[in-house]
Amino acid sequence: GFRSSVDDSVQGYAVLPEIEDTLFSGSVGTVLSLHGAGVDALDQARAYGPKPDFRVVAPTNRRPFGFDWQDWGRIDAYEALADAMKRTGGDWSLVCLTGHSMGGHGVWHLAANDPGRWAAIAPSAGWCSFDTYGGPRPETPLSHLWRACDGGSRTEDRIAGLVPIPTFVVHGTLDDNVPLSEAKDMIARLEKAGGKPLHRFQEGA
């Protein structure tokens, strides 16, 4: 664990280390994996099988929905990653980002706001932003202030930064929590901006 710069609390995370394989002689990468709502770091790390070419770092977000990997959640993710990289001696040029559902939104959010940090990204069943996922928020006299404060969450407005990042989007066609349209819309935006994201839409999932 590490001591948070936000509130001096101790925050934990899980690491699934790489396995030794005499047939593998390349560099070992690091995958930062963001959990969905109701999942903790240990269960997130356990969702993977160990591989010789990368280790998995799974931070734990706060509260039941963990700030949707925004605000404090985003800071916690970066601090967990930094602590893990220091402990493992990881190569910062080989850090990839993935996550599922709420964590998939976290992938879009972290990558759109810090595009130079990631070697590749893979959002799984991720929603784009509060406005696309929950529908446009009602107009009020203070709407402009809300949008100004919350601009970082509108990943659809930050497509240009995502274009150069190798991207693999995964989504189930029958997802009744995060609709497939969230993935399709982000892919379309990326392609229109000149990106070449790969995708897998799992039939029946």
Using the salt bridge (charged side-chain N to carboxylate O under 4.0 Å, His left out) rule, collect all pairs that involve residues 10-36, keeping only residues at least two apart or in two chains.
-> Glu18-Arg55
Examine distances only and state if a side-chain atom of Ser33 and a backbone atom of Val56 form a donor-acceptor pair shorter than 3.5 Å.
-> no
Taking only residues two or more places apart in sequence or in another chain, which ones pass side chain to side chain contact (heavy atoms under 4.5 Å, CB included) with Ser93?
-> Asp91
Enclosure of Trp146 CH2 (heavy-atom neighbours >12, cutoff 6.0 Å) | no
Test item: Pro59 and Leu81 side chains (from C-beta on) under 4.5 Å apart, heavy atoms = no
Does any N or O in the side chain of Arg3 come within less than 3.5 Å of the main-chain N or O of Ser9, such that one atom is a donor and the other an acceptor?
-> no
When you measure from the side chain of Lys184 to the backbone N and O of Glu182, does any donor-acceptor pair fall under 3.5 Å?
-> no
Is the backbone N or O of Pro123 less than 3.5 Å from a side-chain atom of Thr98, with the two atoms forming a donor-acceptor pair by type?
-> no
So Ile121 and Leu162, side-chain contact (heavy atoms from CB on, under 4.5 Å) or not? Walk me through it.
-> CA-CA 9 Å; Ile121 63 172; Leu162 293 169; 4.2 Å; yes
Output a table of donor-acceptor pairs, distance under 3.5 Å, between side-chain atoms of residues 99-110 and any protein atom two or more places apart or on a different chain; print 'none' if there are none.
{"unit_1": "His100", "atom_1": "ND1", "unit_2": "Ser124", "atom_2": "OG", "d": "3.0"}
{"unit_1": "His105", "atom_1": "ND1", "unit_2": "Trp127", "atom_2": "O", "d": "3.1"}
{"unit_1": "His105", "atom_1": "ND1", "unit_2": "Cys128", "atom_2": "O", "d": "3.0"}
{"unit_1": "His105", "atom_1": "NE2", "unit_2": "Gln70", "atom_2": "OE1", "d": "2.8"}
{"unit_1": "His109", "atom_1": "ND1", "unit_2": "Asn113", "atom_2": "ND2", "d": "3.3"}
{"unit_1": "His109", "atom_1": "ND1", "unit_2": "Gly152", "atom_2": "O", "d": "3.2"}

Inter- and intrachain pairs under salt bridge (charged side-chain N to carboxylate O under 4.0 Å, His left out), touching residues 116-131, at least two apart | Asp131-Arg137, Asp131-Arg154
Given Glu79 and Arg74, is the salt bridge (charged side-chain N to carboxylate O under 4.0 Å, His left out) satisfied, shown in steps?
-> CA-CA 9 Å; Glu79 290 188 343; Arg74 181 175 162 200; over 6 Å; no
Heavy-atom distance under 4.5 Å between the side chains of Val169 and Leu190, does that happen here?
-> no
Indicate if Phe54 and Val15 have the same hydrophobic cluster label, given that clusters are the connected sets of ILVMFWY residues with side-chain heavy-atom separations under 4.5 angstrom.
-> no
Among side-chain atoms of Asp83 and Tyr78, is any donor-acceptor pair under 3.5 angstrom?
-> no
OG on Ser129 to CG on Asp68, rounded to 0.5 Å = 11.0 Å
Hits for side chain to side chain contact (heavy atoms under 4.5 Å, CB included) against Pro115, two or more places apart or cross-chain, chain-then-number order -> Ile165
Please answer whether the main-chain N or O of Leu42 pairs with a side-chain N or O of His35 as donor and acceptor at a distance below 3.5 Å.
-> no
Look up atom CZ in Phe2 and atom CD in Gln11, then write down how far apart they are to the nearest 0.5 Å.
-> 5.5 Å
Between CD1 of Ile75 and CZ of Arg62, what distance do you get to the nearest 0.5 Å?
-> 8.5 Å
Hey, is the main chain of Val178 close enough, under 3.5 Å, to the side chain of Asp175 for a donor-acceptor pair?
-> yes
With respect to Pro52, which candidate in Val28, Thr22, Leu23, Ile19 satisfies the side chain to side chain contact (heavy atoms under 4.5 Å, CB included) definition?
-> Ile19
Under the 3.5 angstrom rule, does the side chain of Gln44 hit a backbone N or O of Val39 as a donor-acceptor pair?
-> no
Same cluster or not: are Leu94 and Leu32 linked, directly or through other Ile, Leu, Val, Met, Phe, Trp or Tyr residues, by side-chain heavy atoms under 4.5 angstrom apart?
-> no
Can you give each donor-acceptor pair under 3.5 Å made by side-chain atoms of residues 197-205, sequence neighbours left out, with the distance rounded to 0.1 Å?
{"unit_1": "Arg200", "atom_1": "NE", "unit_2": "Gln202", "atom_2": "OE1", "d": "2.9"}
{"unit_1": "Arg200", "atom_1": "NH2", "unit_2": "Gln202", "atom_2": "OE1", "d": "2.6"}

